[in-house]
Amino acid sequence: MDIDSLRHSCSHVMAQAVKELWPEVKLAIGPSIEDGFYYDFDRQEAFSDDDLRAIEKRMQEIIAKDEPFLQEEIDKQKALDLFGKLKEDYKVELIQALAGKISIYKTGSAFLDLCRGPHLKSTGQIKAFKLLSVAGAYWHGIETNPMLQRIYGTCFNSKKELDEYLKNLEEAKLRDHRKLGPALEFFDIYHEQAGAGLVFYHPKGALLRTIIEDYERKEHLKRGYQIVITPHIMQAELWKTSGHYDYYKENMYTFNIDEREFVLKPMNCPGHILIYKSKTRSYKDLPIRFFELGTVYRHEKAGVLHGLLRVRGFTQDDAHIFCTDYQLGQEIHNVIEFVIDTMKDFGFNRESLAVELSTRPQKFIGSEQDWQEATLQLEKALKEKGLAYEICEGEGAFYGPKIDIKLKDALKRKWQCATIQCDFALPKRFNLAYIDAEGKERQPIMLHRVLLGSLERFIGALIEHYKAELPLWLSPCQVLLIPLKETVVPYAEKIKKTLEENNLRSDIDRRNETLDKKIRSAELNKIPYCLILGEREETQSTVSVRKKGSGNQGTVTLDKFITELTKQVQEHR
RNA sequence: GCUGGAGUAGCUCAGUUGGCAGAGCACGUCCUUGGUAAGGACGGGGUCACGAGUUCAAUUCUCGUCUCCAGCUCCA
């Protein structure tokens with residue numbers, strides 16, 4: 001049975017149940033969505049958990065009655081009269097926007113709704129459903145419209161699938177980086193004391209971030225980028241030139257020093273532009289690629305903050321590429337390749353990426369020809385790399401089209417990480433130029449791009465992706481040394497030093513605890529390897545290896561262990 | 001920012017129909033010196049998110065603020 005019409009039908013049954021219980025409630029819309037369905041209602045009083053249970057009960061009754069879904073085509077005027085009489089204001093508004101015949105449907109008990117379908121034959125075909133939550137949602141998704149109440153539910157072809165889905169939901173909660181991160185001492189956020197959306201990296205998380213940063217610097221240098229570093233605060237004038245002061249002010253932290261207004265940078269572009277402008281550039285210098293691990297601050301609305309995935313202070317792996325229009329295609333191609341290679345190194349394959357191409361919006365700057373060309377180049381690069389993508393018509397920035405690459409969190413919510421944006425605005429605003437082969441001044445095209453997006457968001461996604469069981473090369477502690485008793489601690493220290501010399505990270509568990517307990521805590525802390533060290537190992541100059549998740553691996557020489565681990569670190573990236 | 005729900009020890013949670021605040025884990029000290037996922041004893045730790053109000057008395061009731069959670073809007 002088609003899952004979409006099943007869920008869609010289920011949302012109608014829910015609406016019917018709500019109307020039967022509270023006839024005064026007005027109906028808005030109720031589509032099927034990825035994992036279920038929802039319906040938006042206008043009701044004075046909030047739906048409580050008890051209300052949800054009552055609705056579920058009524059739905060069961062409707063399903064038990066096995067009422068047929070009857071669909072009918074009627075004239076627009078008749079539809080307006082029909083729904084007008086029922087005081088279904090939202091339906092009337094929807095009908096007014098429609099042309100031609102209007103499709104309505106009813107069920108046996110005369111419940112009436114506006115809908116194109118498709119539906120099941122009858123309500124009895126619904127076998128397994130559950131209402132999950134209720135939340136506010138704006139009518140038509142527009143912030144200034146009244147807020148309706150949205151009830152979310154899910155529906156499957158069998159009880160078994162439903163149970164499985166609910167179980168997965170529970171398991172997904174165990175991957176939540178907001179739980180795992182602080183529990184494993186990667187990071188924390190001191191909401192009350194320091195402020196919401198501001199991240200504190202504890203030693204393990206800071207080490208992880210350092211590993212990622214080192215990787216990025218190395219890769220960028222390899223691919224022809226130049227590393228730059230720019231200040232965190234810059235004068236307001238600069239942001240007026242860039243346009244941020246007018247278009248982005250509500251998101252910027254501003255303050256005065258000696259009667260001069262400053263801005264805590266929300267973006268890195270103006271800084272990179274100043275460096276570009278510091279001297280006359282020749283076409284021979286292009287493309288110029290400036291890379292910065294740039295920390296920015298944005299005043300995000302309180303309700304949108306979300307662990308590491310949406311914060312107020314974050315560090316972007318940001319670069320700006322200044323190039324000629326001839327170079328644009330190649331540069332885009334290279335960036336996409338860079339993104340794919342990087343994501344792969346971190347363990348995200350193409351299937352875990354959602355790619356979107358956003359085109360020209362209603363309001364835009366630059367010539368239509370520029371837009372067309374840039375959009376073409378973006379699309380061409382995607383096709384060359386064989387990437388599946390979705391086109392988001394009119395979703396581009398006002399200054400240029402863009403490609404966004406998103407990762408999913410444990411609950412399948414998508415978070416934008418990589419983005420490649422063409423920009424026709426800033427080069428103009430800042431009068432950027434290079435001297436072409438004829439000695440004439442020309443304007444370069446500017447490309448904004450991030451690979452991981454923000455390190456905060458990416459680390460959040462990494463934790464959820466791996467359930468905090470990071471691959472060896474990213475694990476802050478790769479090997480835990482467990483001396484069986486105090487007399488072998490010097491042996492453990494010696495081994496730690498040798499591991500260090502071989503670029504392997506280790507810690508010694510010196511606690512006065514039993515071996516079992518130390519192993520248990522190593523497993524819980526997701527440490528890839530343990531070396532158990534007793535008198536036996538010391539006299540034989542060996543180590544007893546334990547691998548996370550697979551137990552005792554036997555005894556080997558330290559050399560052999562180091563060779564094996566080093567090989568693994570190389571292979572996994 | 002909006003709608004709804006929530007905030008008790010570092011963590012997971014009991015509890016008080018308004019009357020001295022509880023457990024397990026974690027942490028500390030001591031005993032134990034172990035062989036592959038929790039050894040034992042004792043102990044420290046709380047403005048019950050914050051601020052007002054009602055009351056003889058507020059962690060509990062009321063209001064406000066902050067923050068978190070789900071969703072909406074917005075976004076890396």
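Letters A, B, ... mirror the listed sequences (proteins, then strands); counts begin at 1.
- Base contact: E537(A) has a heavy atom under 4.0 Å from a base atom.
- Between K204(A) and D507(A) there is no salt bridge, since no side-chain nitrogen of the basic residue lies less than 4.0 Å from a carboxylate oxygen of the acidic one.
- Nucleotides U3(B) and G43(B) place their C1' atoms 48 Å apart, quoted to the nearest Å.
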- Worked check of side-chain hydrogen bond (donor to acceptor under 3.5 Å, both in side chains) between E93(A) and W139(A): CA-CA 11 Å; E93(A) 190 186 322; W139(A) 171 232; 3.1 Å; yes
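- The partner of G4(B) is C69(B), judged by Watson-Crick or G-U wobble contacts that both fall below 3.5 Å.
- Within the shown strands, nothing qualifies as a pairing partner of A58(B) under the Watson-Crick or G-U definition with both distances less than 3.5 Å.
- Nucleic acid contact class of R43(A) (heavy atoms, under 4.0 Å, all strands): none.
- In this structure, W415(A) and H306(A) have side chains that are in contact, with non-hydrogen atoms separated by less than 4.5 Å.
- Looking at every heavy atom in both residues, E216(A) comes nearest to L293(A) through OE2-CD2, 4.3 Å.
- Residues N512(A) and K517(A) each lie close to RNA chain B; by heavy-atom proximity, the contact nearer the 5' end of the strand is made by N512(A).
- Per the geometry, CD1 belonging to I151(A) stands 18 Å off P belonging to U3(B), to the nearest Å.
- Straight-line distance between the P atoms of U59(B) and C48(B): roughly 6 Å, to the nearest whole Å.
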- Given protein heavy atoms under 4.0 Å, the one-letter contact record of nucleotides 66-76 of chain B, with B base, S sugar-phosphate only and - none, is simply BSSSSBBBBBB
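- C74(B): no Watson-Crick or G-U partner with both key distances under 3.5 Å is found in any strand.
- No hydrogens or angles considered: a donor-acceptor pair under 3.5 Å links the side chains of S352(A) and N349(A).
- In this structure, CG of D50(A) is placed 13 Å from C1' of G5(B), rounded to the nearest angstrom.
- Using N1 to N3 plus N6-O4 or O6-N4 for Watson-Crick, or N1-O2 and O6-N3 for G-U wobble, each under 3.5 Å, A38(B) pairs with nothing.
- Across all strands, D516(A) comes closer than 4.0 Å only to sugar-phosphate atoms, never to a base (heavy-atom distances).
- Of the C1' atoms belonging to G1(B) and C75(B), the separation is 14 Å, rounded to the nearest Å.
- Distance noted for atom C1' between A14(B) and C74(B): 40 Å (whole Å).
- When atom types are taken as modelled, the side chain of D404(A) and the backbone of Q416(A) share no donor-acceptor pair closer than 3.5 angstrom.
- Only the P atoms considered, G19(B) is 36 Å distant from G40(B), to the nearest whole Å.
- Base-pair partner of U12(B): A23(B) (Watson-Crick or G-U wobble, both distances under 3.5 Å).
- Looking at L238(A) and Y245(A), their side chains never come closer than 4.5 Å, going by heavy atoms from C-beta outward.
- Defined by atom type and a distance below 3.5 Å, a donor-acceptor pair is missing between the side-chain atoms of R536(A) and S544(A).
- Using a 4.0 Å heavy-atom cutoff across all strands shown, D318(A) reaches no nucleic acid atom at all.
- Rounded to an integer number of Å, the gap from K173(A) NZ to U12(B) P is 14 Å.
- One atom, CZ of F41(A), and another, C1' of U3(B), lie 15 Å apart when rounded to the nearest Å.
- Pair assignment for U33(B): none, as no Watson-Crick or G-U wobble contacts are both less than 3.5 Å.
- When side chains are defined from C-beta on, W22(A) counts as touching F47(A), because their heavy atoms get closer than 4.5 Å.
- Per the geometry, CG belonging to L481(A) stands 15 Å off C1' belonging to U36(B), to the nearest Å.
- Applying the 4.0 Å criterion to OP1 and OP2 of C11(B), one finds that K179(A) has every side-chain N and O outside that range.
- The base-pairing partner of U17(B), taking Watson-Crick or G-U wobble contacts with both distances under 3.5 Å, does not exist among the strands shown.
- In this entry the distance linking CD of E538(A) with P of U33(B) reads 19 Å, nearest Å.
- Between the CG atom of L524(A) and the C1' atom of U12(B) there is a distance of 14 Å, given to the nearest Å.
- C11(B) and C27(B): their C1' atoms are spaced 12 Å apart (whole Å).
- Distance check on atom P: U12(B) versus C72(B) gives 26 Å, rounded to whole Å.
- The side chain of I519(A) sits closest to A37(B) out of G35(B), A37(B), G39(B).
- Taking only side-chain nitrogens and oxygens, R546(A) comes nearer than 4.0 Å to OP1 or OP2 of A37(B).
- For G51(B), the paired nucleotide is C63(B), the pair qualifying as Watson-Crick or G-U wobble because both relevant distances are below 3.5 Å.
- Counting to the nearest Å, the P atom of U36(B) and the NZ atom of K548(A) are 19 Å from each other.
- The distance from the CG atom of L308(A) to the CG atom of L455(A) is 10.5 Å, given to the nearest 0.5 Å.
- Within 4.0 Å of E45(A), counting heavy atoms only, lies no atom of the nucleic acid at all.
- Using C1' as the reference atom, U16(B) and C25(B) are 24 Å apart when rounded to the nearest Å.
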